[in-house]
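Excluded from the calculations below are hydrogen atoms, water molecules and symmetry mates; all remaining heavy atoms, backbone and side chain alike, are included. Every value quoted in this text rests on a predicted model; they were computed, and no experiment measured them. Numbered from 1 within each chain, the chains take letters A, B, ... in sequence-line order.
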2 protein chains.
Amino acid sequence: MAAQRGEGETTTTPLEPADRERARAIPEAAVARLAVYLRVLSGMADQGVTAVSSEELSQAAGVNAAKLRKDLSYIGSYGTRGVGYDVEVLVSHIERILGLTRNHSVAVVGIGNLGHALANYGGFPGRGFPVTALFDVDADLIGVPVGGIPVSHIDDITAVCLEREVSIGVIATPPPAAQSVCDRLVSAGVQCILNFAPVVLQVPDNVEVRKVDLAVEMQILSFHVARRADEAASVSVGNNGLGVDGMVIRP
Amino acid sequence: MAAQRGEGETTTTPLEPADRERARAIPEAAVARLAVYLRVLSGMADQGVTAVSSEELSQAAGVNAAKLRKDLSYIGSYGTRGVGYDVEVLVSHIERILGLTRNHSVAVVGIGNLGHALANYGGFPGRGFPVTALFDVDADLIGVPVGGIPVSHIDDITAVCLEREVSIGVIATPPPAAQSVCDRLVSAGVQCILNFAPVVLQVPDNVEVRKVDLAVEMQILSFHVARRADEAASVSVGNNGLGVDGMVIRP
DNA sequence: TACCGCTTGTGAACGCATGCACAAAGTCGG
DNA sequence: CCGACTTTGTGCATGCGTTCACAAGCGGTA
């Protein structure tokens, strides 16, 4: 069924066979950085910048220059030695590799605080990710337009997703509902899911899940706060031989 | 100044020297997974489960069992061979390593759609991350309580953050404001920042930044959609010798 | 007490990603 | 047209993270 849906639409800027093999070989980490480069480059293009060196671009993107060049080499050699890269050219090649020449219709499930924020988020449509469907269980919400799209009932997920050719599902439901919503999205043919619920989703192999987990992010930061505090404490141990609470610590 | 602030508060469950060295050595990737294990374990504890094996836990967390054991070994040996792990014990040790025995006061800057969602997000306070300050520039918002906390003006960021001992700053502003907000947070002594704005923040070495970038996540998914479509196309090439648009492709 | 089966903890091998350093290749000035 | 300078593209070494495989250790059982 996924194949059926795809078949009628693959008229989109087809990748050359050479590019196709390249795309397969791009490391996941590099893909994430390419997206960042793309944004930086777009910003530069908007400001009228036409050329950029790996050094400049890498600084703006906050990465090592060599790494940036290697990342770009994964998608081909589009720079000019001694000069740098043409911003426009780079933008269009990154967009092509990332599949941004095609629009990816997005469905948001769970129209709570976060769902509202996502539905209204201006960054999506502008970048080729039109939100075309919203879902919730709350009867009071059904039919109410949020960000211009009326909310559908979650039971209609399969029909609506198929009809609107949704390719990316965003889960913004409470944790208990997430797995069930995920299953429904999958059976509606959605193969890419962005999960905001703090739950580990179980999906078949052919479905790609990325998760955004606020609690985990906070706890990673917390770990670093604690590590810092400990380092500070270690220093004070070195200074006076006393632990943080005044007890002597063996060397 | 960070040291000053920390000094009066380091009465929190001090890490033993041995643990301190361990904490320094834990790989970043493992820290992120520990947070996930913690959530899964908490859920198990709530359901009355008292013991768990690495196999069970790894399945629930969606990772390899060996990796899980190695991750846990970074924080010490708290399992029993032949039996498994005590859920309570594991929870308390992970919490200690992640620094969750201490409360981390959070400030949210930018009370738009996302800021509202974050301020109202129930997952924070419950897990030791009380939101204690909200900031915005919009005069209409100042003083209005959101999620129980009145919004302060962004110009008061330094004073308010110092007063409420904010240790984590969350940036949910439009992109152009992000760097300036970040600078103000840093000068207010905040050393950990969670950034939702699609901007690469420049910060001093002693500040930890984690970013949540929706556009990047979507584009990574888009890349996978494109790769899949290409693979499907490749298969059809193998079947009939024709490319996606009917042109013959050399083998 | 001695054995058996089970699960942890970890040494070692592997693979991926990062960073260095330099040759290749282009531009620009003379 | 040539040489000097600049910047890309990449082979190679290094380090980190993952995975495997197995010895060590514990509880249960006879």
Side-chain angles (χ1 to χ4, degrees), chain A residues 18-19 21-37 40-41 44 49-91 93-94 97 216 220 223, chain B residues 18-19 21-37 41 44 49-91 93-94 97 220 223:
Chain A
D19 287 338
E21 283 167 35
R22 272 206 200 94
R24 225 185 302 278
I26 302 180
E28 187 79 13
V31 174
R33 285 190 299 266
L34 282 172
V36 175
Y37 306 154
V40 174
L41 286 165
M44 286 177 170
V49 180
T50 59
V52 67
S53 74
S54 65
E55 186 60 40
E56 295 170 282
L57 184 51
S58 70
Q59 286 221 343
V63 302
N64 182 294
K67 196 193 296 189
L68 177 134
R69 289 200 298 274
K70 182 147 288 197
D71 288 345
L72 292 182
S73 81
Y74 289 129
I75 66 173
S77 304
Y78 302 115
T80 308
R81 297 174 189 225
V83 178
Y85 300 90
D86 182 290
V87 174
E88 296 281 349
V89 170
L90 221 44
V91 165
H93 280 108
I94 296 178
I97 290 288
V216 167
I220 294 172
F223 171 78
Chain B
D19 286 338
E21 283 166 39
R22 272 205 200 95
R24 225 186 301 276
I26 303 180
E28 186 80 13
V31 173
R33 285 190 299 265
L34 282 171
V36 174
Y37 305 153
L41 286 165
M44 287 176 169
V49 179
T50 59
V52 68
S53 73
S54 64
E55 186 60 38
E56 295 170 281
L57 184 51
S58 70
Q59 286 219 344
V63 303
N64 182 295
K67 194 193 294 191
L68 178 135
R69 288 201 299 275
K70 179 143 287 196
D71 288 345
L72 292 182
S73 80
Y74 290 129
I75 67 173
S77 304
Y78 302 114
T80 308
R81 296 174 190 228
V83 179
Y85 301 90
D86 183 290
V87 173
E88 296 281 349
V89 170
L90 221 44
V91 165
H93 280 108
I94 296 178
I97 290 288
I220 294 172
F223 171 78

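You'll find the side chain of A/E88 stays beyond 4.5 Å of the side chain of A/T50, heavy atoms only. Counting only heavy atoms from C-beta outward, the side chains of A/I97 and A/H93 never approach each other to under 4.5 Å. Two residues are said to be in side-chain contact when any heavy atoms from C-beta on lie closer than 4.5 Å; A/L57 and A/L90 meet this criterion. A heavy-atom distance below 4.5 Å is found between the side chains of A/R69 and A/Y85.
Heavy-atom minimum distance, A/V52 versus A/L41: CG1-CD2, 4.0 Å. Annotation for B/Y37 and B/L72: closest pair CD1-CD2, 4.3 Å, computed over non-hydrogen atoms.
Between the CG atom of A/D71 and the P atom of C/dT18 there is a distance of 7 Å, given to the nearest Å. B/I75 places its CD1 atom 16 Å from the C1' atom of C/dT10, with the value rounded to the nearest Å. Between the NZ atom of B/K67 and the C1' atom of C/dA13 there is a distance of 17 Å, rounded to whole Å. Between the CZ atom of B/R69 and the P atom of C/dT8 there is a distance of 6 Å, rounded to whole Å. Across the protein-nucleic acid pair, A/E55 atom CD and C/dG19 atom P stand 13 Å apart, rounded to whole Å. Atom CG in A/D86 sits about 13 Å away from atom P in C/dT27, given to the nearest Å. As a whole-Å value, the separation of B/Y78 OH from C/dG9 C1' is 14 Å. Protein atom NZ of B/K70 is 16 Å distant from nucleotide atom C1' of C/dT7, rounded to whole Å.
Side chain of B/S54, nearest nucleotide from C/dA21, C/dT8, C/dT27: C/dT8.
Map A/Y85 and B/V83 each onto its nearest nucleotide of DNA chain D; the residue landing nearer the 5' end is A/Y85. Both B/G79 and A/E28 lie close to DNA chain C; mapped to their nearest nucleotides by heavy-atom distance, the more 5′-ward contact belongs to B/G79.
Remark: the B/R81 side chain and the C/dT8 base include a donor-acceptor N/O pair separated by less than 3.5 Å.
In this structure, the side chain of B/S53 engages the main chain of B/E56 through a donor-acceptor pair within 3.5 Å.
Taking a heavy-atom distance under 4.0 Å as the criterion, the stretch of DNA chain D touched by chain B extends 5' to 3' from D/dG17 to D/dG27.
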